[in-house]
Structure formats: structure tokens, C-alpha cells
Amino acid sequence: MNDSLAFDQSWYAATAHAAPAHAALASDCQADVAIIGGGATGLSAALHLAQQGASVMLLEAGRIGHGASGRNGGQIIPGLRLGAADLVARFGAEQGGALFHLALSARDLVVDLVARHGIACDLELTGHLTTAVRPSDLDDFAHEADAAAKLGYHGLSVLDAPAAQAAVASPSHGGLLDAGGGHFHTLNHTLGLARAAAVAGAQLHEHSAVTRLERRAGGVVLHTSAGRVTAAQAIVAGDALLGPLNARVHSRIMPVANYIVTTDVLPDGGAGLIPGNQAVSDSRFVVNYFRRTPDGRLMFGGGERYSPRPPADMAAFVRPFLERSFPMLAGVGIAHAWGGLVSITRSRLPDIGRDGPVLWAHGYSGQGAVLSTLGGALLAEAALGDESRFTPFAAVAPSGFPGGALLRGPLHVLGMLWYALRDRTG
Ligand SMILES: Cc1cc2nc3c(=O)[nH]c(=O)nc-3n(C[C@H](O)[C@H](O)[C@H](O)COP(=O)(O)OP(=O)(O)OC[C@H]3O[C@@H](n4cnc5c(N)ncnc54)[C@H](O)[C@@H]3O)c2cc1C
């Protein structure tokens, strides 16, 4: 389905830096670690492993960065999909707090890598704002800010309705501002990670889909149509695009299609819509998310759709959601429209784990723009024998969806319909 989601029509594809092509795997090779997937998870793992002297081969089915990492909303939303209050309620202050802080470190890791490797990706640390679609959201926001502060994070502040509407020219009852958030050009970020990984010594191969992952005494063999990689360990970083290559990994996530547009260049560059240039999402379960682009457009994603097929006209599909959030943009020209597959897990926590020599990280549940870079770093550490930051996530790995691969789709649609109804009825 990913092929029909119009990557080439995306604003990211239109504004990406030139990137080198990487030859397909064409022979049998050996490596310490073989990686499946050239998104931010796989590339971050490759970079961190190569920097420690490991020999690394990364196999990407298509082009580097053409998965979710090169086409997402570019919103840097600190932490996990579950906030401080939820984490503490589920796991207690010690374990929940450890997860909360580990997840927050993803943002700092990305900021550090961008600076260290000179990755030009329009990084803007202007904050992330969640706007309230229901008055009762403000109680939840206050509870979350309080829970985060108790864990030592003071980046959250609650905005009343006038303050939120001054920050975003869209109807809302208030907002929760996270000063640690922001946005970036996610494709250029991913291409920059690839460059850094290659400079560190990792070998990258595009157009090299792994068709079989074989376990053998002493390691793994990854098969492609044109060659094999024998390695001591494998990292599975295919996220929503992985398919049934590994049943355990595949069963823990649900791929959900999501659609985004950018408008034509706006007369004021969007400054009147979001004066502080924050990344913004609303509090709907079927979330709308938006931000300004450096070339003066509004990037807007959202809307619910329950068919596995993409809409024939993605721009027309997203437009009503955009115009509901920004009535003054009624009839605005839409320059780019594309889609992507978000992978969600049952608990909305990422699925990070290992089974002997096979390690994986995926299922960031819509919040993987920076968590993916952390996920890759944790896999690299674990592959090199240090599981101290890997274990806290592995210990809370989500269970599979009920109904297995066959029924998870229909059951999920039923769940989404229920939440979408709740969004509409408040
Ligand atoms: C439309 C959309 C909007 C989003 N917006 C945001 C946002 O604003 N903020 C946020 O935090 N998160 C967002 N996300 C989520 C975020 O993009 C992802 O969580 C993150 O990019 C996942 O990175 P990844 O490297 O794990 O996966 P990907 O970037 O998808 O990379 C996986 C790669 O593995 C390759 N692959 C799969 N199977 C094989 C195989 N068998 N052999 C070889 N290669 C294989 C794929 O081709 C792909 O390139 C969004 C996602 C989407 C789709």
C-alpha cells in the first residue's frame, strides 16, 4: 500500500537535499549486525553501531527515508504517546518516571546528532502545543503538567482559551504547551542520519528487500533476491512496512494510513496562523496536526478513514479537516498531498525487544519522529551488550492485538469508529 501513498507528491520530496543512491546488495556478505529498514530507527542503529566499531550492513527495500521517517508531520513531540500521568498510574513513580525521562532524552539525542553531524533539517525548537477541543481537556492538561512536574519536568504549561487562540488562530478551549517540542524537515533529517552512518562506516543498500530472516547457530542470515547477509545479530526496523517477515514483530503493531497536505505559500507565510511557529496537534483521538513550513505554507494532517484503500484525491480528503481547524483558509490552494502508514500498538507504548540474536524497535504510535532515533540507539547499545536503557522498554512491551493479523484490522476499525464518535459528541 505504501507505493500508492504518493511519496513523490510530498512537500518533503519536493524540498529534499540531493542524496546519493546506494547500490542494491548483489552478493553474499558478512557483518557483525545486519539491519532491516532505512528509516530513522535503522539508520540510528547503524550510526551508533558503526561509531563503536561494529561492521554493519543495512538493507532497505526501497529508498532510504521513503518510509514514515521521510514523510511524517515533522512534529517533535517530547515523550511517549502515554504522558507522565498515565505512565505513573500504570507503572508507579519509579518505573513510569524512568520511562518518561528515557523517552524525553530522544529529543535531546536528535538535537545533539543534528549539531554533531551538521544535519541541515530546518530544526525549530519552538515548542509543541496540544489544543483542547473539549473544555474538560483543560483538567487533563493540568493533571499532566502536574504529573510531569512531580517527575522533575517543568517544560509543560497550561494555556487558557485566549492564550491558546493567540498562539494558534483556530477554535480551541485552551492548550498544553510543551517547551521542549518543535519541528523539523523529517526527510532531510533521515537523509542526514544516513550520511552520518555511511561516514561512520556502515554499508547501506537500497532496493534490497529482505524476503527471509533465517535463524542459524551463531546468528542470522538475511535473504534478498540477489544476495545474503550472514550476521551475528539482526535488527528489525521495518515498522509499519515490515509485513509478515517476522510473525512476533509483525503481530504487535497495526499499520494505519494517515494523510497530509501543504497549502500554497500563504501571503504572510503562515505567521498569522501560528505566530510562535510551534508544532500543533489537537486533543482529538483521531488527531489533526499542523505546523508552518520554512517556505511559508501550512502543513496539515488529519482526518479519519476506515478503508484500506487510499482516497482517490488525498487533498480533497484532508481539506474539510483543515478548513474546520482554520475557517479563514476556506478554498486555499493545496500544493502537495500524500499519505503514510503510522504503526500503533495496543498500549500505545513502543514495542522494543529481542529474541536471541534478533532485536527490534517499532510501534511508536504516531510519536516516532524523534523516538525512532532513540529506538535505534537503544538497539545498538543492546546489540553491543549494554541493555541498561533497552530493558526498561522491553519490560513493558505491548501485547499483540486481539484477533491476530486477520482480525486486528476490522476490530481496530470498530474501535476507531467509537473514538471518532466520541470526538464528535464530546
Ligand atoms: C503520515 C505520518 C505522519 C506522522 N507524523 C508524525 C509526527 O508529526 N511526529 C511524530 O513524532 N511521529 C509522526 N509519525 C510517526 C513517525 O513517522 C514514525 O514513528 C517513525 O518515522 C518510524 O520510523 P522507523 O524508522 O521505525 O520506520 P520507517 O521510517 O517507516 O522505516 C522503515 C523502513 O523499513 C523498510 N522495510 C520494511 N520492510 C523491509 C524489508 N523486508 N526489507 C528491507 N527494508 C524493509 C521500509 O521500506 C522503510 O523504509 C507519522 C507517521 C506518518 C506515517
Side-chain angles (χ1 to χ4, degrees), residues 1-51 54-72 74 113-114 117-122 184-213 222-231 234-243 245 336 338-341 369 372-373 376 380:
M1 176 175 180
N2 197 48
D3 291 344
S4 56
L5 292 174
F7 175 84
D8 292 340
Q9 312 300 315
S10 71
W11 175 82
Y12 291 114
T15 56
H17 299 317
H22 300 279
L25 183 74
S27 60
D28 290 354
C29 314
Q30 293 205 328
D32 293 330
V33 184
I35 299 175
I36 302 170
T41 301
L43 291 163
S44 167
L47 170 63
H48 287 95
L49 282 162
Q51 280 177 329
S55 66
V56 181
M57 295 206 67
L58 182 148
L59 304 175
E60 163 54 46
R63 297 288 319 271
I64 297 284
H66 285 206
S69 300
R71 58 172 82 192
N72 63 48
L113 291 176
V114 164
H117 298 285
I119 299 176
C121 61
D122 304 321
F184 65 171
H185 191 300
T186 186
L187 178 55
N188 282 337
H189 171 252
T190 306
L191 295 173
L193 278 183
R195 179 171 49 81
V199 167
Q203 291 188 48
L204 313 179
H205 293 283
E206 296 179 315
H207 305 297
S208 302
V210 177
T211 52
R212 189 152 73 95
L213 173 51
L222 275 58
H223 297 253
T224 75
S225 62
R228 290 175 299 187
V229 180
T230 302
I235 283 178
V236 182
D239 199 39
L241 301 173
L242 181 69
L245 188 69
H336 310 93
W338 70 99
L341 294 177
S372 48
T373 301

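All values derive from a computational prediction rather than experimental measurement.
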Under 3.5 Å donor-acceptor, [X] side chain and [Y] backbone:
| X | Y | result |
| --- | --- | --- |
| Asn188 | His17 | yes |
| Thr190 | Ser69 | yes |
| Ser372 | Ala40 | no |
| Arg71 | Leu187 | no |
| Tyr12 | Asn72 | yes |

Could you give the distance from [atom1] ([X]) to [atom2] ([Y]), rounded to the nearest 0.5 Å?
| X | Y | atom1 | atom2 | result |
| --- | --- | --- | --- | --- |
| Ser10 | His336 | OG | NE2 | 7.5 Å |
| Leu25 | Leu204 | CG | CG | 12.0 Å |
| Leu58 | Ile35 | CG | CD1 | 5.0 Å |
| Glu60 | Leu43 | CD | CG | 8.5 Å |
| Thr224 | Leu222 | OG1 | CG | 9.0 Å |

Salt bridge (charged side-chain N to carboxylate O under 4.0 Å, His left out) pairs touching residues 200-211, sequence neighbours excluded, are Arg63-Glu206
Considering non-hydrogen atoms only, spot the tightest contact between Ala50 and Ala200 and give its length. CB-O, 3.6 Å
On a heavy-atom basis, the closest approach of Ala202 and Ala46 is CB-CB, 4.0 Å
The criterion is side-chain contact (heavy atoms from CB on, under 4.5 Å); which residues satisfy it with [X], sequence neighbours excluded?
| X | value |
| --- | --- |
| Ala31 | Ser55, Met57, Val229 |
| Ala61 | Ala209 |
| His117 | Leu47, Gln51, Leu113, Ile119, Ala196 |
| Thr211 | His223 |

Under the side-chain hydrogen bond (donor to acceptor under 3.5 Å, both in side chains) test, which residues partner [X], sequence neighbours left out?
| X | value |
| --- | --- |
| Ser225 | none |
| Trp338 | none |
| Thr373 | none |
| Ser44 | His48 |

Set of salt bridge (Lys or Arg N to Asp or Glu O under 4.0 Å) partners for Arg228, sequence neighbours left out: Asp28
Check salt bridge (Lys or Arg N to Asp or Glu O under 4.0 Å) between Asp122 and all other residues, then give those that pass, not counting sequence neighbours. none
Report yes if the side chains of Leu245 and Ile36 come closer than 4.5 Å at any heavy-atom pair, otherwise no. yes
Which residues share a ring pair (Phe, Tyr, Trp, His ring centres under 6.0 Å) with His189, sequence neighbours left out: Phe184
Step by step, work out the side chain to side chain contact (heavy atoms under 4.5 Å, CB included) result for Val236 and Leu242. CA-CA 8 Å; Val236 182; Leu242 181 69; 3.6 Å; yes
